[in-house]
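To start, the structure under review is shown below, and the notes come after it.
When a ligand or atom number is given, it counts from 1 through the structure's own listing order. Worth saying up front: this structure is predicted, and the values here are computed from it rather than measured.
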Amino acid sequence: MTQVPSITLNNGVAMPQLGFGVWQVPDDEATAVVSAALAAGYRSVDTASAYRNETGTGRALARSGVPRDELFVTTKLWNTDQGYDATLRAFDVSLERLGLDRVDLYLVHWPIPSAGLYVDTYRALERILADGRARAIGVSNFLPEHLERLLEETGVVPAVNQIELHPQLQQAAARAFHERHGITTEAWSPLGQGRGLLEVPTVVAIAHKHGRTPAQVVLRWHLQLGVVAIPKSANPRRIEENIDLFGFTLDDEDLTALAALDEGRRLGPDPASFSGF
Ligand SMILES: NC(=O)C1=CN([C@@H]2O[C@H](COP(=O)(O)OP(=O)(O)OC[C@H]3O[C@@H](n4cnc5c(N)ncnc54)[C@H](OP(=O)(O)O)[C@@H]3O)[C@@H](O)[C@H]2O)C=CC1
Ligand SMILES: O=C(O)C(=O)[C@@H](O)[C@H](O)C(=O)CO
């Protein structure tokens, strides 16, 4: 079975560097899809209240027979549940759906600066952490300005910021900010949602050179960049392909060519303006 390396978060918790994303997997398919991922060797699963598949995901975790302490389960607080009390209530609902008594990582899904609630929301996450119901807490889609405010007002450094990141959106400034503050960068849509990135000639050529697939090249790039990646697939063959990353290494020439693909191509909403509702 593939051994996925871990990254040590700023509170000492180990997080697998490759996880499995389940956005757009319907709840009634999530059990089969997540079971396939666990069978392929993934031990980290990324869901969210907004994905409406925590129940099916939790069922796969329970049926897998994998000891709880070998799993790393992430879920996220949706935007309409921001605020201190609402967050605590939403977290209980997520735990119930997952069938767990704690998660490994709980994230604020989007900052929603216009709502002005993310600092209060984060204080509720601190409560959850202190109660031992999450092993680590963090944020998603926070820009450096949102992180600055959180640091100033709470004095607490999130363990993780999960952001859109792939070779066409390399996020150098965000990564540098995270590194300065000890925040782990986690890449969402690492495959560029399978929309074009995997057909880019540079990626295809590097794949040919190594006898690998374009998706494996892109995911290998994330690992060598030092970020966490959470590719999604609902296809058993691609689920296995996306974790088979540990028998080759991108060389300097490959990394230089991939660095040149950065064009600031955002596929998801812009956190500066996303109203989130
Ligand atoms: N925090 C946030 O705001 C966000 C978080 N996320 C998280 O990140 C995860 C991954 O991002 P996501 O947007 O799903 O996109 P990904 O970049 O993981 O791409 C998924 C798409 O690529 C296809 N695909 C997967 N593997 C391969 C392969 N080997 N070859 C060709 N095509 C492939 C999939 O199709 P198929 O299923 O048919 O294989 C699917 O259409 C999400 O599932 C979610 O957990 C995502 C968006 C926002
Ligand atoms: O998948 C996620 O985690 C998201 O937050 C996205 O779905 C996001 O909400 C979006 O793309 C809305 O258009």
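Counting only heavy atoms of the protein, atom 9 (O) of ligand 2 lies nearest to Trp78 CH2, 3.6 Å. Nearest protein neighbour of atom 31 (C) of ligand 1, counting heavy atoms only, is Leu198 CD1, 3.5 Å. Here the heavy atom of the protein found nearest to atom 4 (C) of ligand 2 is His109 NE2, 3.6 Å. Of the protein's non-hydrogen atoms, Gln193 O, 4.0 Å is the one closest to atom 41 (O) of ligand 1. Residue, atom and distance of the protein heavy atom nearest to atom 26 (N) of ligand 1 are Asn242 ND2, 3.0 Å. Ranking protein heavy atoms by distance to atom 45 (O) of ligand 1, first place goes to Asp46 OD2, 2.7 Å. For atom 9 (C) of ligand 1, the nearest non-hydrogen atom of the protein is Ile230 O, 3.1 Å. Of all protein heavy atoms, the one closest to atom 47 (C) of ligand 1 is Trp188 CE3, 3.1 Å. Nearest non-hydrogen protein atom to atom 12 (P) of ligand 1 is Ser189 OG, 3.6 Å.
Using cut-offs of 30° and 60° for the angle between ring planes, the Phe248 and His210 rings count as tilted.
Ligand 1 has no nitrogen or oxygen under 3.5 angstrom from a nitrogen or oxygen of Pro231. Close N/O approach between Leu191 and ligand 1 is found [any backbone or side-chain N/O within under 3.5 Å].
With a 4.0 Å cut-off on non-hydrogen atoms, Pro190 touches ligand 1 through its backbone as well as its side chain. Looking at Leu267 against ligand 1, nothing comes within 4.0 Å, counting heavy atoms. Of the heavy atoms in Ser140, only side-chain atoms (C-beta onward) come closer than 4.0 Å to ligand 1. With a 4.0 Å cut-off on non-hydrogen atoms, His109 touches ligand 1 through its side chain and not its backbone. With a 4.0 Å heavy-atom cut-off, ligand 1 is reached by the backbone of Val22 but not by any atom from C-beta on. For Asn141, every heavy-atom contact with ligand 1 shorter than 4.0 Å involves the side chain, none the backbone. In Ser233, the parts holding a heavy atom less than 4.0 Å from any atom of ligand 1 are both the side chain and the backbone.
Between Asp244 and Arg220 no salt bridge is recorded (no basic side-chain N to carboxylate O distance below 4.0 Å). The pair Asp254-Lys209 meets the salt-bridge criterion, since a charged nitrogen lies less than 4.0 angstrom from a carboxylate oxygen. A salt bridge links Arg135 with Asp104: at least one charged nitrogen is closer than 4.0 Å to a carboxylate oxygen.
Distances from ligand 1 to the non-hydrogen atoms of Gly268 include no value under 4.0 Å. Under a 4.0 Å heavy-atom criterion, Tyr51 is in contact with ligand 1.
The option from Trp188, Trp23, Trp110, Tyr51 that lies nearest to atom 3 (O) of ligand 2, judged by heavy atoms, is Tyr51. Scanning Ala48, Pro269, Gly268 for the heavy atom closest to atom 11 (O) of ligand 2 points to Pro269. When Gln24, Lys232, Arg237 are ranked by how near their heavy atoms come to atom 18 (O) of ligand 1, first place goes to Lys232. Nearest-heavy-atom check against atom 33 (C) of ligand 1 across Arg238, Glu186, Arg195 picks out Arg238.
Inspection of the Glu164 and Ser189 side chains reveals no N or O donor paired with an N or O acceptor under 3.5 Å. Using modelled atom types, one finds no donor on one side chain facing an acceptor on the other under 3.5 Å when comparing Gln171 with Thr185.
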Would Arg89 and Asp85 count as a salt bridge (Lys or Arg N to Asp or Glu O under 4.0 Å) if you check the C-alpha gap in whole Å, the side-chain angles of each, and the deciding distance to 0.1 Å?
CA-CA 6 Å; Arg89 284 194 296 273; Asp85 292 332; 5.3 Å; no
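Both tests pass for Arg149 against the ring of Tyr118: distance under 6.0 Å to the centre and angle within 45° of the axis.
Without hydrogens or angle criteria, Thr121 side chain to Gly83 main chain gives a donor-acceptor distance under 3.5 Å.
Interatomic distance, CD of Gln17 versus NE2 of His222, reported as 10.5 Å (0.5 Å rounding).
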